[in-house]
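Reading through the structure tokens given below for one structure.
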Amino acid sequence: MRGLAARDKPGMVGTVLRTAGKWVLDFALPPRCAGCDTIVSDVHSFCADCWTAIHFLGHSGCSTCGLPLEATEQTTCGACLARAPRIARTRAAVAYDDVTRTLAIRLKYGRKVAIARTMAHYMAPLVSDEGERLLVPVPLHRWRLWGRGFNQSALVARELSRRLDVPADPLALRRIRRTPPLKGMSPLQRRRTVAGAFRVHDKAAIAGKTVILVDDVLTTGSTAEACARTLKRAGAARIELVSWARVVKPSRLMR
Ligand SMILES: [Zn+2]
Ligand SMILES: [Zn+2]
């Protein structure tokens with residue numbers, strides 16, 4: 001089933017996620033603000049309060065890592081110029097804060113499909129069109145309370161796949177061992193903890209492709225980095241990452 005566009009086999013990912021039953025309900029109800037559940041006029045829109053509270057990142061930062069630029073930097077940050085990261089392009093729709101965290105949590109417990117669609121709506125314009133693309137959700141989740149056999153990033157990847165008409169393969173990358181939560185670890189400890197935690201299921205499915213990793217919340221990036229390393233070794237031509245929210249130092253966000 002690898003390599004098939006989502007439209008060719010619409011039930012494929014859904015079977016994995018077991019969320020199909022939620023569908024009908026989601027679309028029978030009036031659109032609600034994805035941040036606070038207030039009824040709004042348009043699908044994928046936020047109410048005025050949530051809209052002003054959200055810090056949209058989009059394409060505004062470094063052309064490579066996506067982090068907000070310092071005043072002295074041009075289009076690529078100093079760190080990326082000094083050493084090109086393994087992930088050629090990282091983008092997040094929004095900065096991680098109270099409102100956007102609520103959305104990430106509701107993707108797990110709330111109206112999953114509607115939330116995933118809203119996220120995909122803001123994430124899709126951030127996916128590049130370089131090479132032969134394949135959307136691959138990050139298979140590991142740091143937060144154990146979200147670990148009930150449901151990968152919310154796979155749901156977002158499916159929605160991105162529909163929207164962009166790019167194939168998604170939720171099983172391309174697998175977690176081969178459990179890792180403890182990374183919170184509180186140093187960057188080096190994080191790297192060591194996640195090293196070797198992933199395996200490519202079928203090298204032929206990713207060989208020569210632009211693999212677009214899909215994540216819900218990006219923190220330090222050590223998990224995505226480990227995924228990228230595994231994918232590159234298995235023959236992927238280029239790795240990108242698109243996430244819903246990203247933890248960014250408040251001092252780097254200009255309002
Ligand atoms: Zn709201
Ligand atoms: Zn950078």
Side-chain angles (χ1 to χ4, degrees), residues 26 29-123 126-128 130 187 190-191 210 212-213 215-229 232 238-255:
D26 273 332
L29 297 169
R32 287 176 182 271
C33 170
C36 69
D37 237 14
T38 306
I39 292 177
V40 289
S41 53
D42 299 309
V43 188
H44 307 311
S45 61
F46 290 92
C47 73
D49 286 348
C50 288
W51 184 264
T52 44
I54 293 171
H55 191 108
F56 289 93
L57 296 171
H59 285 299
S60 64
C62 167
S63 61
T64 302
C65 72
L67 282 171
L69 292 162
E70 308 281 0
T72 52
E73 293 165 336
Q74 302 287 306
T75 57
T76 305
C77 78
C80 289
L81 285 175
R83 186 164 174 269
R86 195 168 276 121
I87 299 174
R89 195 169 187 270
T90 300
R91 294 290 184 273
V94 298
Y96 187 67
D97 58 23
D98 288 345
V99 175
T100 58
R101 176 171 53 231
T102 304
L103 224 69
I105 291 169
R106 291 175 65 218
L107 178 65
K108 174 68 185 170
Y109 297 109
R111 297 197 299 164
K112 300 181 183 76
V113 174
I115 299 288
R117 289 205 161 173
T118 298
M119 289 179 173
H121 175 79
Y122 294 97
M123 290 161 73
L126 307 175
V127 174
S128 85
E130 276 201 45
R190 286 169 190 260
R191 275 202 300 280
T210 295
I212 297 151
L213 287 165
D215 208 351
D216 55 351
V217 178
L218 178 60
T219 51
T220 61
S222 33
T223 299
E225 180 69 21
C227 291
R229 179 195 291 260
K232 272 273 175 87
R238 177 182 166 91
I239 314 294
E240 300 192 6
L241 170 68
V242 63
S243 80
W244 159 246
R246 181 174 201 167
V247 176
V248 181
K249 284 196 191 107
S251 59
R252 299 203 76 171
L253 294 172
M254 282 171 287
R255 299 212 80 131

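All heavy atoms count here, side chains included; hydrogens, waters and symmetry mates do not. In each ligand, atom 1 is the first atom listed, and ligand 1 is the first ligand listed. Given the structure is predicted, the values throughout are model-derived calculations rather than measurements.
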So do Cys36 and Asp49 actually touch side chain to side chain, heavy atoms under 4.5 Å?
no
Atom CH2 in Trp244, atom CD1 in Ile115: separation rounded to 0.5 Å?
9.0 Å
Report, rounded to 10°, the angle at the Zn ion (ligand 1) between the two atoms SG (Cys36) and SG (Cys33).
110°
Round to 10° and report the angle made at the Zn ion (ligand 1) by SG of Cys47 and SG of Cys50.
110°
Return yes when atom CZ of Arg229 has more than 12 non-hydrogen atoms of other residues, nucleotides or ligands closer than 6.0 Å, and no otherwise.
no
To the nearest 10°, how many degrees is the angle Cys80 SG to the Zn ion (ligand 2) to Cys62 SG?
110°
With a 4.5 Å limit on heavy-atom distance, are the side chains of Pro187 and Thr220 in contact?
no
